[in-house]
S.K.: 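Below is a structure I'd like to ask you about.
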Amino acid sequence: MKALILVGGFGTRLRPLTLSFPKPLVDFANKPMILHQIEALKEVGVTEVVLAINYRPEVMLNFLKDFEDKLGITITCSQETEPLGTAGPLALARDKLVDGSGEPFFVLNSDVISEYPFAELIKFHKSHGGEATIMVTKVDEPSKYGVVVMEEATGMVEKFVEKPKIFVGNKINAGIYLLNPSVLDRIELKPTSIEKEVFPRIAADAKLFAMVLPGFWMDVGQPRDYITGLRLYLDSLRKRSANRLATGAHIVGNVLVHESAKIGEGCLIGPDVAIGPGCVVEDGVRLSRCTVMRGVRIKKHACISNSIIGWHSTVGQWARIENMTILGEDVHVGDEVYTNGGVVLPHKEIKSSILKPEIVM
């Protein structure tokens, strides 16, 4: 089987992290976002993953070469010269996706984190005999999204309602699809939306089905959702393989610590924290609801909450970082500095406090 991952463009919503790496390579729970997807695809027998990309494919491919060998899976790029929306890239990658076997292929949005129940998706897709299956997830506020209206018993999709003013349902497109090759005959090589143009046409022919995604779902393409996504992911990890989470008197709730990270005395860490490879957390540090990426040093008695600390940054003694502060790569926060929602671009030194949310160029 094959899979196409829609990687797309510049990842502007996750800047300043995406100024250093393409978005799918930004770490989430101590490994690149896209690797969570590729590993899950490999588990259900996918042998080739195509990345639909319009920005720096060489960076992606060089990085993923290591994983190709480790996972025994082929990873190639299909590069757009102009943005083609969410359906155009399928037409562009047609020759890579169709091998004459008639097997369906996966299409994923690269920002989506979930438990990826691909085996169940394959089973459901083959059982209904339609042309395409989309995964849907239940949300509390459907008015912010495009809602999928479906028959409960069969899963057949009746229609899509964009940002409904009155309640029509609470299921939205989760950005995970399984499509028969015949779907490609419906897509022209031009900027096209799979959600707004292609799927409604398949639904009109009564050949589109939806499966409700079990477990959690999050689009982690922006910082607030990234932090929420980490909480949901760690919750799910607690249920699936709790032995991968850290334990000890200094740990509160779900915490993921890379084996090469060093943690000092008298710290209090958690809940919902990920500490990456090679990090050094000195004595008396307090961390909650945050991600600390590879190679970061957090000095004594610093306190970090609801924030993302980018690669190889340092946080000074008694510093306090909170309220969706995002430090890009190689940012150095001085001793006793306070930052309240500062978004700091890479390679900066912060010597004075940031009292209200602002971007530091």
Side-chain angles (χ1 to χ4, degrees), residues 13-20 26-30 113 218 220-235 245-246 250-258 261 263-276 279-361:
R13 297 178 306 160
L14 259 191
R15 283 181 183 160
L17 302 170
T18 48
L19 296 172
S20 301
V26 170
D27 296 313
F28 177 86
N30 292 352
I113 289 287
M218 201 72 215
V220 293
Q222 51 193 344
R224 197 169 293 282
D225 296 337
Y226 177 106
I227 296 284
T228 304
L230 181 65
R231 173 174 63 78
L232 297 171
Y233 174 84
L234 294 176
D235 273 349
L245 295 171
H250 61 301
I251 300 291
V252 181
N254 298 333
V255 175
L256 192 62
V257 179
H258 191 272
I263 293 177
E265 298 292 314
C267 294
L268 189 57
I269 295 174
D272 309 322
V273 173
I275 298 174
C279 289
V280 176
V281 178
E282 294 185 3
D283 297 351
V285 166
R286 175 74 179 106
L287 304 177
S288 65
R289 293 179 299 281
C290 64
T291 284
V292 180
M293 294 187 180
R294 185 177 59 250
V296 165
R297 176 177 284 269
I298 299 170
K299 297 186 180 170
K300 291 177 183 172
H301 306 293
C303 178
I304 302 174
S305 66
N306 284 307
S307 296
I308 301 174
I309 311 298
W311 308 270
H312 306 291
S313 293
T314 54
V315 174
Q317 297 184 33
W318 297 100
R320 186 177 182 96
I321 293 183
E322 62 188 31
N323 191 21
M324 283 298 138
T325 291
I326 316 290
L327 305 186
E329 180 183 21
D330 180 42
V331 168
H332 303 284
V333 175
D335 292 351
E336 297 178 34
V337 165
Y338 170 61
T339 154
N340 170 24
V343 173
V344 185
L345 273 65
H347 315 299
K348 301 292 295 180
E349 196 169 350
I350 302 295
K351 292 177 178 167
S352 56
S353 291
I354 300 169
L355 301 177
K356 60 180 197 302
E358 62 175 292
I359 295 172
V360 178
M361 307 286 274

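Hydrogens, waters and symmetry mates are skipped; everything else that's a heavy atom, side chains included, is used.
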S.K.: Apply side-chain hydrogen bond (donor to acceptor under 3.5 Å, both in side chains) to the pair Asn254 and Asp272, showing each step before the final yes or no.
M.R.: CA-CA 5 Å; Asn254 298 333; Asp272 309 322; 4.6 Å; no

S.K.: Could you check whether any side-chain N or O of Glu282 sits under 3.5 Å from a backbone N or O of Lys300, counting only pairs where one atom can act as donor and the other as acceptor?
M.R.: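 Checking the backbone N and O of Lys300 against the side chain of Glu282, a donor-acceptor pair under 3.5 Å is found.
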
S.K.: Grab the two heavy atoms, one from Gly334 and one from Ala319, that are nearest each other, plus how far apart they are.
M.R.: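 Residues Gly334 and Ala319, closest heavy atoms: O-CB, 3.9 Å.
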
S.K.: Just so I know, are the side chains of Pro271 and Ser288 near enough to count as touching, which here means a heavy-atom distance under 4.5 Å?
M.R.: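 Counting from C-beta outward, Pro271 and Ser288 do come under 4.5 Å.
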
S.K.: Report the distance from atom CD1 of Ile354 to atom CD1 of Ile359, rounding to the nearest 0.5 Å.
M.R.: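 With rounding to 0.5 Å, CD1 (Ile354) is 11.0 Å from CD1 (Ile359).
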
S.K.: Throw together a table of side-chain donor-acceptor distances under 3.5 angstrom for residues 325-333, partners on residues two or more places apart or in other chains.
M.R.:
from: Thr325; atom 1: OG1; to: Glu322; atom 2: O; distance (Å): 2.8
from: Thr325; atom 1: OG1; to: Thr339; atom 2: O; distance (Å): 3.2
from: Thr325; atom 1: OG1; to: Thr339; atom 2: OG1; distance (Å): 3.0
from: Thr325; atom 1: OG1; to: Gly341; atom 2: N; distance (Å): 3.0
from: Thr325; atom 1: OG1; to: Gly342; atom 2: N; distance (Å): 3.4
from: Glu329; atom 1: OE1; to: Ser20; atom 2: OG; distance (Å): 2.9
from: Asp330; atom 1: OD1; to: His332; atom 2: NE2; distance (Å): 2.7
from: Asp330; atom 1: OD2; to: His347; atom 2: ND1; distance (Å): 2.8
from: His332; atom 1: ND1; to: Thr314; atom 2: OG1; distance (Å): 2.6

S.K.: Report yes if some heavy atom in the side chain of Ile298 is under 4.5 Å from a heavy atom in the side chain of Leu287; otherwise report no.
M.R.: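 Yes, close enough: below the 4.5 Å cut-off.
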
S.K.: Does Glu349 have any side-chain hydrogen bond (donor to acceptor under 3.5 Å, both in side chains) partners at least two apart in sequence or in another chain, and if so, which?
M.R.: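 Glu349 satisfies side-chain hydrogen bond (donor to acceptor under 3.5 Å, both in side chains) with no other residue.
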
S.K.: Compare all side-chain heavy atoms of Ile269 with those of Val252 and state whether any distance is below 4.5 angstrom.
M.R.: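 In short, these two side chains do not touch, never coming nearer than 4.5 Å.
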
S.K.: Residues in side chain to side chain contact (heavy atoms under 4.5 Å, CB included) with Ala261, at least two apart?
M.R.: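 Side chain to side chain contact (heavy atoms under 4.5 Å, CB included) list for Ala261, sorted by chain: Val257, Ile275, Cys279.
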
S.K.: Looking at every non-hydrogen atom in both residues, tell me the closest pair between Ile263 and His250 and how far apart they are.
M.R.: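 That closest heavy-atom pairing would be CG2-CD2, 4.0 Å.
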
S.K.: So how far is it from Leu230 CG to Leu256 CG, rounded to the nearest 0.5 Å?
M.R.: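 Going from CG on Leu230 over to CG on Leu256, the span is 8.0 Å.
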
S.K.: Measuring only between side-chain heavy atoms, which start at C-beta, is Val255 closer than 4.5 Å to Leu245?
M.R.: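 Side-chain contact under 4.5 Å: no.
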
S.K.: Out of the candidates Val315, Ile321, Val337, only one should pair with Ile350 under the side-chain contact (heavy atoms from CB on, under 4.5 Å) rule; please name it.
M.R.: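 The single option meeting the side-chain contact (heavy atoms from CB on, under 4.5 Å) with Ile350 is Val337.
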
S.K.: Say whether, by atom type as modelled, one donor and one acceptor occur between the side chain of Ser313 and the main chain of Gly310 under 3.5 angstrom.
M.R.: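 Looks like yes, one N/O pair under 3.5 Å.
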
S.K.: Starting at CD1 of Ile227, measure out to OG of Ser307 and round the result to the nearest 0.5 Å.
M.R.: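 Between Ile227 CD1 and Ser307 OG, I get 6.5 Å after rounding to 0.5 Å.
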
S.K.: As an exercise, state the distance from OG1 of Thr291 to CD1 of Ile309, rounded to the nearest 0.5 Å.
M.R.: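 Separation between the atoms: 9.0 Å.
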
S.K.: Determine yes or no for a side-chain-to-main-chain donor-acceptor pair under 3.5 angstrom, with Lys299 supplying the side chain and Asp335 the backbone.
M.R.: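 Pair absent, no side-chain N/O of Lys299 close to backbone of Asp335.
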
S.K.: Please verify the inter-ring angle class for His301 with Trp318; under 30° counts as parallel, over 60° as perpendicular, anything in between as tilted.
M.R.: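 His301 and Trp318: parallel rings.
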
S.K.: Report the C-alpha separation of Leu345 and Leu19 in whole Å, then their side-chain angles, then the decisive distance to 0.1 Å, and conclude whether the side-chain contact (heavy atoms from CB on, under 4.5 Å) test is met.
M.R.: CA-CA 8 Å; Leu345 273 65; Leu19 296 172; 3.9 Å; yes

S.K.: Name all residues meeting the side chain to side chain contact (heavy atoms under 4.5 Å, CB included) criterion together with Asp225; count only those two or more places apart in sequence or in a different chain, and write none if there are none.
M.R.: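 By the side chain to side chain contact (heavy atoms under 4.5 Å, CB included) rule, Asp225 matches Met218, Gln222.
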
S.K.: Do Asn323 and Asn306 have side-chain N/O donor and acceptor atoms under 3.5 Å apart?
M.R.: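 Their side chains do not contain a donor-acceptor pair, so the 3.5 Å distance test is not met.
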
S.K.: Roughly how far, to the nearest 0.5 Å, is the CZ atom of Arg320 from the OH atom of Tyr338?
M.R.: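 One gets 7.0 Å once the value is rounded to the nearest 0.5 Å.
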
S.K.: Only counting residues at least two apart or in another chain, list the ones meeting side-chain hydrogen bond (donor to acceptor under 3.5 Å, both in side chains) with Arg286.
M.R.: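 For Arg286, no residue satisfies side-chain hydrogen bond (donor to acceptor under 3.5 Å, both in side chains) once neighbours in sequence are set aside.
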
S.K.: Just wondering, do Pro16 and Val344 contact through their side chains at under 4.5 Å, heavy atoms?
M.R.: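 Val344 vs Pro16: side chains apart.
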
S.K.: Once you round to the nearest 0.5 Å, how far does CG of Asp283 lie from CD of Gln317?
M.R.: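 Reported to 0.5 Å precision, the distance equals 10.0 Å.
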
S.K.: With sequence neighbours left out, what residues match Asp27 under side chain to side chain contact (heavy atoms under 4.5 Å, CB included)?
M.R.: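 If we apply the side chain to side chain contact (heavy atoms under 4.5 Å, CB included) test to Asp27, skipping adjacent residues, the hits are Pro32, Met293, Arg294, Trp311.
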
